[in-house]
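Data first, discussion second: the structure below is written as structure tokens.
Lettering of chains follows the sequences in order, A, B, ..., and the numbering in each one begins at 1.
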Amino acid sequence: MTHAHVDDLDRIELDEGFVWRPVRRHFDIRAFGVNAYTPSAAGSQIVEEHTEGQLGHEEIYLVLRGRARFTVDGDDHELGPGQLVFVRDPSLRRGAVTLDEDTVVLALGGKPGEAYEVSVWEAMFAAVPAMREERWDEAIRLHEEALAESPDEPALLYNLACMEARGGRHQDALLHLQRSIELDPRYKDYAAKDSDFAAIMSEPGFPGA
Amino acid sequence: MSGGYEILSLDELERYPGSSDDSPVLMPLRRRLGFRPFGLNCWTAQHAGGTIIQRHYERDGDEELYVVVRGRAAFTLGDEIFDAPAGTLVHAPPGTLREATAAEQGTIILAAGAKQGEAFDPAPWEDFAIAFSRARAGDVDAARDAIDGVLERHPGTWQGAYNAACFEALYGDRDTAFEHLRRATEVSRDEVAEFAASDDDFAGMRDDPRWQELFG
């Protein structure tokens, strides 16, 4: 598909109240990061509160339609169609709530001086509908596809382990959880308190068991 | 407002019309913001029905996404022709024919682009487009300074020398134009010959014996 209207893209509603409209993933763009966001209801979040400290991305948020109140580094700015905020400093906290129900925000970003790599959070967001409906095979497939491109990404391995534990693939879950902890030891503490692993916590090989 | 972020309206961007009444108007966004990860510009037309995205292919390998931010455009992509109201996203892989006209006055298209698997390095075409637009508006000296700067930053490309030749042919002297053309042919004679053969910028130079020496 070479063209689409932003209203016709998939709608992935996230718990934080915003709806991810996957632009990059829809077209399989590989040269830069681009996504759109719409609200789940008037007054809801439209850009998740976050920093880009981990990814090091410069980001632009452009209002295509409607109005949104952006909060960047503690400052509020109401923006309308054709207005944007460019967040140069990845460490700045940013987010936005919608002021109109039909607002659309386009987000563009990447890391200066480096070839673009697909961010692993996209696969995790894409798997949310399948997770909600407990379609574990599909959720696992979406994670495995991303893992083929980013095999040493601990967050992806950890999430995949969660899906496998819930889906009854206990040995795969243990292996992927162990690997995520090898790459980032913080996941050991997360796993100990994560109800997704209830079915495998007493298994030999579960970290700390 | 901290130095770590900036608020901007697209209406605040500078506008650089192309060479004819039908040429697109460049609204340089990446340069304005100092955005570094990939190429980013806005385009508008000089009038309803005017060209907003010039017919081209991106044969050098840029993958592009066009976003109709405001108004409505008539797009051609490959062999497909379609209506593109505000909110339309158009994905153009490298080598694909693309062009668009503004179906409404005030239409704005955002164009994002970069090569897959490579860190972004701004190409000199933006500098040339702005320099030529400034020269057309009468600021030839500033335009020449800008072109000299581009040649210093991007030495050894045929496109740089070729554009400098065009500039001198239009606004400078014929001897300097031939010197730039000669340098361009030393880098890529075939491509320069192909473009120069139909380039109106050189209309006054083709009866010069040096033209025959270069392309005869």
Side-chain angles (χ1 to χ4, degrees), chain A residues 1-9 21 23-24 26-34 36 38 51 56-65 70 72-75 77-94 102 104 106 108-117, chain B residues 1-13 29-30 32-40 42 58 61-70 73 75 77-80 82-94 96 98 106 108 110 112-121:
Chain A
M1 194 64 166
T2 56
H3 61 95
H5 194 276
V6 68
D7 293 331
D8 296 328
L9 297 174
R21 317 302 292 266
V23 177
R24 191 214 62 76
H26 179 90
F27 295 111
D28 195 24
I29 293 168
R30 296 285 168 162
F32 49 88
V34 55
T38 53
T51 78
H57 283 188
E58 289 185 354
E59 296 250 318
I60 291 172
Y61 306 92
L62 170 65
V63 179
L64 289 181
R65 188 173 69 200
F70 283 80
V72 186
D73 197 24
D75 302 329
H77 302 275
E78 280 191 23
L79 303 186
Q83 291 182 297
L84 61 83
V85 55
F86 166 42
V87 187
R88 183 180 294 107
D89 180 348
S91 73
L92 295 188
R93 181 158 288 277
R94 80 293 304 267
D102 68 344
V104 179
L106 188 74
L108 304 121
K111 188 171 184 178
E114 292 190 10
Y116 176 74
E117 287 184 15
Chain B
M1 192 180 301
S2 84
Y5 75 96
E6 182 173 351
I7 306 289
L8 180 74
S9 167
L10 299 183
D11 293 321
E12 296 172 49
L13 292 174
L29 178 57
R30 183 195 63 75
R32 169 69 178 74
L33 294 173
F35 183 72
R36 297 171 294 170
F38 49 89
L40 204 55
C42 287
E58 295 294 343
D62 274 23
E63 179 179 23
E64 298 214 315
L65 181 76
Y66 301 97
V67 182
V68 183
V69 174
R70 184 184 295 165
F75 249 95
L77 189 75
D79 56 6
E80 197 177 0
F82 53 93
D83 176 44
T88 303
L89 309 149
V90 181
H91 178 230
T96 308
R98 79 291 306 267
I108 292 178
L110 174 77
K115 291 181 175 62
Q116 296 183 8
E118 291 185 19
F120 176 69
D121 182 22

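At a threshold of 4.5 Å between non-hydrogen side-chain atoms, the residues Val34(A) and Val67(B) do not count as touching. Put simply, the side chain of Val90(B) does not reach to within 4.5 Å of the side chain of Thr2(A), judged on heavy atoms. Counting only heavy atoms from C-beta outward, the side chains of Ile7(B) and Val72(A) never approach each other to under 4.5 Å.
Between Phe86(A) and Phe35(B), the ring-plane angle classifies as perpendicular under the 30° and 60° cut-offs.
In terms of heavy-atom pairs under 4.5 angstrom with chain B, the leader among Glu114(A), Glu59(A), His57(A), Arg65(A) is Glu114(A). Contacts with chain B were tallied for Gly109(A), Ala36(A), Pro81(A); Gly109(A) has the most, counting heavy-atom pairs under 4.5 Å. Ranking Ile29(A), Val87(A), Leu79(A) against chain B, the residue ahead of the rest is Ile29(A), based on heavy-atom pairs under 4.5 Å. For the set Lys115(B), Arg70(B), Glu80(B), the entry with the most heavy-atom pairs within less than 4.5 Å of chain A is Glu80(B).
Residues Ala114(B) and Ala31(A) come closest through the heavy atom pair O-CB, 3.3 Å. Contact detail for Phe32(A) and Glu64(B): the closest heavy-atom pair is CZ-C, 4.4 Å. Nearest approach of Asp28(A) to Glu63(B), heavy atoms of both residues: O-OE2, 3.8 Å. Residues His77(A) and Tyr5(B) share a closest heavy-atom pair of NE2-OH, 2.8 Å. Across every non-hydrogen atom of Glu58(A) and Gly34(B), the tightest pair is OE1-O, 4.2 Å. Considering every non-hydrogen atom in both Leu108(A) and Ala112(B), the closest pair reads CD2-CB, 4.3 Å.
For His3(A) and Phe82(B), the ring centers are positioned less than 6.0 Å apart.
Residue Val104(A) does not touch chain B at all, counting heavy-atom pairs closer than 4.5 Å. Within the 4.5 angstrom heavy-atom criterion, atoms from both the backbone and the side chain of Leu8(B) approach chain A. Heavy atoms closer than 4.5 Å to chain B are found nowhere in Asp7(A), neither backbone nor side chain. At a 4.5 Å heavy-atom cutoff, the contact between Leu65(B) and chain A is made by backbone and side-chain atoms alike. For Glu12(B), no part lies under 4.5 angstrom from a heavy atom of chain A. Residue Ala86(B) touches chain A through its backbone alone, counting heavy-atom pairs closer than 4.5 Å. Looking at Val63(A), neither its backbone nor its side chain comes within 4.5 Å of chain B, counting heavy atoms on both sides. Only the side chain of Leu29(B) comes within contact range of chain A, judged by heavy atoms closer than 4.5 Å. With a threshold of 4.5 angstrom between heavy atoms, Glu118(B) approaches chain A through N, CA, C or O but not through any side-chain atom.
Between the Arg30(A) side chain and the Gly117(B) main chain, no donor and acceptor come within less than 3.5 Å of each other.
Shown here are the side-chain contact (heavy atoms from CB on, under 4.5 Å) partners of Asp83(B), two or more places apart in sequence or in another chain: Arg72(B), Pro85(B).
One distance of note links CG of Leu110(B) with CG of Leu62(A); it measures 6.5 Å at 0.5 Å rounding. Cys42(B) SG to Leu84(A) CG: the interatomic distance, rounded to the nearest 0.5 Å, is 8.0 Å. Note that the NE2 atom of His91(B) and the CZ atom of Arg24(A) stand 10.0 Å from one another [nearest 0.5 Å].
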